[in-house]
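One structure is given below, encoded as structure tokens.
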There are 2 protein chains.
Amino acid sequence: MSGTRRRPPGSTDVARLAGVSQKTVSRVMNGEPYVSDEIRERVLAAARELGYRRNTAARALNLGRFHRIGVVSLGSALYGPATQLIELERRARAIGYAFSVVHTLEGDEGGVARAMESLLEQGVDGIVLSDPIDGGQEPRIDPGVPVLSLGPLPGPSGPDVIVHRPSNEDAGREATEHLLGLGHPTVWHVAGPERWWASRDRVRGWRAALAAAGAPEPPLLAGDWTPASGYAAGRALAANPDVTAVFVANDDMAIGVLHALAEAGRAVPGEMSVVGMDDIPAAAYLAPPLTTVRQDFAASAAQGLARLVDRIEGRQDAPAPDVPTTRLVTRRSTRPYRP
Amino acid sequence: MSGTRRRPPGSTDVARLAGVSQKTVSRVMNGEPYVSDEIRERVLAAARELGYRRNTAARALNLGRFHRIGVVSLGSALYGPATQLIELERRARAIGYAFSVVHTLEGDEGGVARAMESLLEQGVDGIVLSDPIDGGQEPRIDPGVPVLSLGPLPGPSGPDVIVHRPSNEDAGREATEHLLGLGHPTVWHVAGPERWWASRDRVRGWRAALAAAGAPEPPLLAGDWTPASGYAAGRALAANPDVTAVFVANDDMAIGVLHALAEAGRAVPGEMSVVGMDDIPAAAYLAPPLTTVRQDFAASAAQGLARLVDRIEGRQDAPAPDVPTTRLVTRRSTRPYRP
DNA sequence: GATCATGTTGACTACGTAGTCACACGGGAG
DNA sequence: CTCCCGTGTGACTACGTAGTCAACATGATC
């Protein structure tokens, strides 16, 4: 039916209706001073009547800025990344920026560079790299806009790269210290994929806690965040009678670990303590309810974005406030070590 | 440091370097015919040298279209919605559209209307309403662009509203029929929130299957998609010895139900069969592994978006192909009824 | 040899907004 | 009374792209 999409009204249309110049409409819409109250009212009324909306394209063309933040995310429905994305969007909108996401595909070499290119093509003022970066091939494209990396970017960081590291390392340390504090001689770790920052940082925290306590460092097991990979790691752990405490890098893998241990007849927490990470909503309803580390994604997103926007708008970016944003949630999958 | 953001090169810069007119550069960048190979090469080389990228803002201003799809999503990290969002983005990018999401807050009255307004302000050619709509207050703003609703929109649908209903009803029917087919006298249902389309459609499918089999319809239990709400429903079900089969509207709630049943000492599937929905990655690793219905979000997103883009680009939209896109995944939480 | 289709290129212009600058008005300072 | 300044308003213009139309070359057709 309504095949002809009518041209939306512009500031000139509003101006004509209000009997003022286009420039005055622009002033009113931008809340500039030096407009009399009477005219302001008249313009606003005309705008309301016509259903006027500023044309972003024209605005962006004129100002040279898009007021848009782009995010490169690994396309996964994992709880952690999904939550982070939602918080980033909320935060961006709160400070007046639109929000674009591009998902790469796991295992897609060079996918990050292509995703960034795609964002630059659609027009963004800044880019957030939210998840992993390709292993060897760092994406050496010149973005021409500031980039916020939520993990340590390999290679020499350009002048426009901001690295904001969420508190994954603290989280790993906290989980490990909890288990050591319960008297376990050491703590095993089921990590995420090597190429994820979050994964590497959690490993780092685990190592640091072990070293600080003088505990021996067991070999590292690694999964891919999925319950299936946790299950595989869990079978290996179940077969080793020395294991009494495990820190699993996310709750999904912990589900797989718990399943494997139950299958092998190793009681949790009777024989083995397990700590997860993320505090997914299901964590409290597993068998047994899972002790886990929760991260405050909202705070982290706000901090990171604030730094990026400071850079975009040419302000000196304040040093990261660096308040710790993790919290251990104790449930029934851990208990003191009894030989 | 690099505080001054240099103006990015434009088509005129490329034209100057290549010794042609700006218009010719435009032609080359758009792959138009009637450009000699020699000039095409020269322009491409110049563009590469300068790092030229078309300016979306200018393009959008000139063409009157943004090549951007906006999505209003309820901000939850639930597996189903998150997966749907990712697939929508993939699909949109595949057909040359950029992608903007705005998350509303659960329980935010009028949030959908505000989210749509926010999308229109940033400039989109079409809007997808991906999750629920506010109960009574339908968002009667005039978007001026086509709207794709992934569920039945209340009230008189404007000429620009396309309703594309994913196969939630089929899914509900399939789950219920599976349990009836195992001989259970009837099937109980733990639904999602009333205001979600997905929830209402699954209920409809459940009802239809019961009616078709002549089975009595037990009272409806409702949760809010969370394991916690599933746990509450599970306690109620556990207390009722008549219950032998339950269809839970998503896997997260099913986790809560399983937990409640285990706590109450009701064996699954020994005394009670449970079917979930979504096939979250953890489903196979629960105790017991969960029988569930999987939806093909990729296909559904592709179909819906295709219709929306047809409308945006002024084509007659083809009728929905309507291939079924659900599949029952049988695991160990269901078994034949034995009185 | 004039005509004409076809291929190739460029000049000019519109798109809607906001920055720059100019101007008009009124009142207080000199 | 004049000068100047703060306030309020509008004319003109740039932003980068692509549509329109004109110009021109080439080679085929009548």
Side-chain angles (χ1 to χ4, degrees), chain A residues 5-44 46-47 50-68 96 98 120-125 144, chain B residues 5-44 46-47 50-68 96 98 120-125 144:
Chain A
R5 196 137 328 276
R6 68 205 175 286
R7 186 179 60 81
S11 50
T12 35
D13 300 310
V14 177
R16 199 175 314 117
L17 180 58
V20 297
S21 76
Q22 176 270 324
K23 174 68 218 198
T24 297
V25 175
S26 165
R27 271 194 268 262
V28 171
M29 300 318 287
N30 290 312
E32 288 177 25
Y34 301 139
V35 180
S36 68
D37 288 349
E38 187 222 330
I39 292 226
R40 189 179 299 274
E41 283 312 313
R42 230 162 65 204
V43 168
L44 288 175
L50 295 178
Y52 169 69
R53 219 171 258 137
R54 283 191 295 193
N55 181 320
T56 328
R59 216 174 127 73
L61 174 59
N62 191 359
L63 298 176
R65 291 211 282 114
F66 298 93
H67 282 280
R68 177 176 297 278
L120 292 169
E121 259 165 32
Q122 57 177 273
V124 296
D125 303 317
Chain B
R5 193 134 335 273
R6 69 204 175 288
R7 187 179 60 82
S11 51
T12 35
D13 301 308
V14 177
R16 198 175 313 117
L17 180 58
V20 297
S21 75
Q22 176 269 324
K23 175 69 216 193
T24 296
V25 175
S26 165
R27 270 194 268 263
V28 171
M29 298 319 286
N30 290 312
E32 288 177 24
Y34 301 139
V35 180
S36 67
D37 289 348
E38 186 221 332
I39 293 227
R40 188 180 299 274
E41 283 311 314
R42 231 162 64 204
V43 168
L44 288 175
L50 295 178
Y52 170 70
R53 219 170 260 135
R54 283 190 297 193
N55 181 320
T56 330
R59 216 174 127 73
L61 174 59
N62 192 359
L63 299 176
R65 291 213 280 113
F66 298 93
H67 282 278
R68 176 175 297 277
L120 293 169
E121 259 166 33
Q122 58 177 271
V124 295
D125 303 318

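Residue numbering restarts at 1 for every chain, and letters A, B, ... go by the order of the sequence lines. On a predicted model such as this, the values are computed, not experimentally measured, just so you know. Hydrogens, waters and symmetry mates play no part in the numbers below; they use all other heavy atoms, side chains included.
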| field | Whether B/S21 side chain and B/A15 backbone form a donor-acceptor pair below 3.5 Å | value | no
| field | Angle by which the axis turns from one end of the helix from C/dG1-D/dC30 to C/dG30-D/dC1 to the other, five pairs per end, to 10 degrees | value | 60°
Rounding to an integer number of Å, can you tell me how far [X] [atom1] sits from [N] [atom2]?
X: B/R42; N: C/dG10; atom1: CZ; atom2: C1'; value: 14 Å
X: B/R40; N: C/dG7; atom1: CZ; atom2: C1'; value: 13 Å
X: B/R16; N: C/dG10; atom1: CZ; atom2: P; value: 14 Å

| query | How does each nucleotide of nucleotides 13-28 of chain C score, in 5' to 3' order, for protein heavy atoms under 4.0 Å: base (B), sugar-phosphate only (S), or none (-)? | reply | --BBBBBB--------
| request: Any pair with a residue in residues 8-26 of chain A that passes salt bridge (charged side-chain N to carboxylate O under 4.0 Å, His left out), sequence neighbours left out, goes on the list, sorted by first then second residue, please. | output: A/R7-A/D13, A/D13-A/R16
| query | Between B/V14 and B/V43, what is the shortest heavy-atom contact and its length? | reply | CG1-O, 3.9 Å
| field | Minimum-distance pair of heavy atoms, taken over all atoms of A/V35 and A/V28 | value | CG1-CG2, 3.9 Å
| In chain order, what residues pass the side chain to side chain donor-acceptor pair (under 3.5 Å) check against B/T12, with sequence neighbours excluded? | none
| query | Does anything in residues 32-44 of chain B pair up under side-chain hydrogen bond (donor to acceptor under 3.5 Å, both in side chains), and if so which pairs, sequence neighbours excluded? | reply | B/E38-B/R42
| task | Nearest 0.5 Å please: distance from the OG atom of B/S11 over to the CG atom of B/L50. | result | 11.5 Å
Please tabulate, for side-chain N and O atoms in residues 59-66 of chain B, each donor-acceptor pair with protein atoms closer than 3.5 Å (sequence neighbours left out).
| residue | atom | partner | partner atom | Å |
| --- | --- | --- | --- | --- |
| B/R59 | NH1 | B/N30 | OD1 | 3.3 |
| B/R65 | NH1 | B/Y97 | OH | 3.3 |

| Does B/T24 place a side-chain N or O at less than 4.0 Å from the phosphate oxygens OP1/OP2 of C/dG10? | yes
